[in-house]
Structure formats: C-alpha cells, structure tokens
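Each remark here refers to the structure printed beneath this line.
Just so we're clear, the structure is a prediction, and the values are computed from it rather than from any experiment. Both backbone and side-chain heavy atoms feed into the values below; hydrogens, waters and symmetry mates do not.
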Amino acid sequence: QPQHFKLHGQLCWLSRHCSCVLLQPNVYPGNCWAFKGHQGQVVIRLPARVYLTAITVQHISKEASPSGTINSAPKDIAVLGVDADREEETLLGMFSYNVERDPIQTFPLKNMLLPRAFSQVKLIVKSNWGNPWYTCIYRVKVHGKMETQ
C-alpha cells in the first residue's frame, strides 16, 4: 500500500523507490530513497573489498524543493564498515548533514589508523531535519581504494 500525506493541503504520495536509487546520478525532487519516520538504515554491498576513506551524501537544495523546505533531509548519520564474512561491523564515523551548506557533502571516515577493507557499508540515519513523517536520501557515494588480491 502506498503511503501518503498532505503538504500545504495537497495530497502527496511517498514513492516506493528501491534503495538502489541512492546510487543513481538522477537527482531531482522526489527521486529519492524515502523511509518512514526519522530513523532508518541501508546496507550497500560493494563490488569488491574496499579500504573506505570517505562517504558523500546528497539531498536536493531548498531552491529545488517544491515546498521550499528540505526538512526531510537526514541530519545525524553513522557509517559502519561491514565485514560480511565475519559478520562484524566497525564504526567509521558519525557526522551531521547540514542543510545550510552545499547539497553534496563529503565526510572523511576513520579507517586510517588500522586500515581495513570492507565488503559492505552501512549507513544509519539517526535523525532528520524535522519532518515527522519521512526522511529522504537522494544519493550516496562511497570513496576508497579496492583491496588488491
């Protein structure tokens, strides 16, 4: 069942985009991965084991938003490296996406002291910028160097 809500008196429908939309370059209003509430998580399987160095999160700008607000943007985010073989998770960083800054924000990860390659990345959204119904993420980029075999 599609979920809906009212925005400025108009009925709006939450799209059922697959979380794979996070990895696509098409960023326009509504083409996001939306989840109910202000907390959620997604695991991204990498094509190979990767030494992770940074993560980029993107939302639309206020100017691109039909409502003029972007309170559905993620705010507090944790990033974990996941070793699927050993079923281990390692916290690589916690950061805040700032809606007053550029819509594309890159955050360095703490994988330098004991560099380790991971097969997956888990992104945990702990809060958003005030939207009580849903949170949207438009794009995620994972940065790093592939492990050489």
According to a 4.5 Å side-chain heavy-atom criterion applied to Ile, Leu, Val, Met, Phe, Trp and Tyr, with indirect links allowed, do Ile124 and Tyr138 form part of one hydrophobic cluster?
no
Determine yes or no for a side-chain-to-main-chain donor-acceptor pair under 3.5 angstrom, with Thr135 supplying the side chain and Gly37 the backbone.
yes
Same cluster (ILVMFWY, side-chain, under 4.5 Å), Val121 and Phe107
yes
Under 4.5 Å between any side-chain heavy atoms of Leu52 and Leu46, yes or no?
yes
Under 4.5 Å between any side-chain heavy atoms of Arg116 and Glu88, yes or no?
yes
Does any part of the side chain of Leu91, heavy atoms only, come nearer than 4.5 Å to the side chain of Glu89, both counted from C-beta?
no
Verify same cluster id: Tyr51, Val142 (apolar side-chain graph, 4.5 Å)
no
With sequence neighbours excluded, what pairs up with Glu100 under the salt bridge (Lys or Arg N to Asp or Glu O under 4.0 Å) test?
Lys62
With the side chain counted from C-beta on, respond yes when Val140 and Thr56 share a heavy-atom pair under 4.5 Å apart, and no when they do not.
no
Leu92 side chain near Phe118 side chain, heavy-atom distance below 4.5 Å:
yes
Going from CG on Asp83 to CD on Gln120, what distance comes out if it is rounded to the nearest 0.5 angstrom?
9.0 Å
Whether Arg49 side chain and Ala117 backbone form a donor-acceptor pair below 3.5 Å
yes
Asn128 side chain vs Tyr134 backbone, donor-acceptor pair below 3.5 Å
yes
Do Val125 and Phe95 share a hydrophobic cluster (ILVMFWY, side-chain heavy atoms under 4.5 Å, transitive)?
yes
For Gln41 and Trp33, which heavy atoms make the closest approach, and how far apart are they?
O-CH2, 3.4 Å
For Trp129 and Asn98, work out which heavy atoms get closest and say how close.
CZ2-CA, 4.1 Å
So SG of Cys32 and CD1 of Ile60: to nearest 0.5 Å the spacing works out to 8.0 Å
From Lys145 atom NZ to Thr53 atom OG1, the distance as rounded to the nearest 0.5 Å:
11.0 Å
So, do Lys126 and Met94 sit near enough that their side-chain heavy atoms are less than 4.5 Å apart?
yes
Pairs where residues 66-86 contributes a residue and the test ring-ring contact (aromatic ring centres under 6.0 Å, His included) is met, not counting sequence neighbours:
none
Closest approach of Tyr97 to Val57 (non-hydrogen atoms, all atoms of both residues):
CE1-O, 3.5 Å
Side-chain atoms of residues 70-82: list all donor-acceptor pairs with protein atoms under 3.5 Å, sequence neighbours left out, distances to 0.1 Å.
unit_1: Asn71; atom_1: OD1; unit_2: Asn131; atom_2: ND2; d: 3.4
unit_1: Ser72; atom_1: OG; unit_2: His59; atom_2: NE2; d: 3.4
unit_1: Asp76; atom_1: OD1; unit_2: Ser96; atom_2: OG; d: 2.7
unit_1: Asp76; atom_1: OD2; unit_2: Ser127; atom_2: OG; d: 2.9

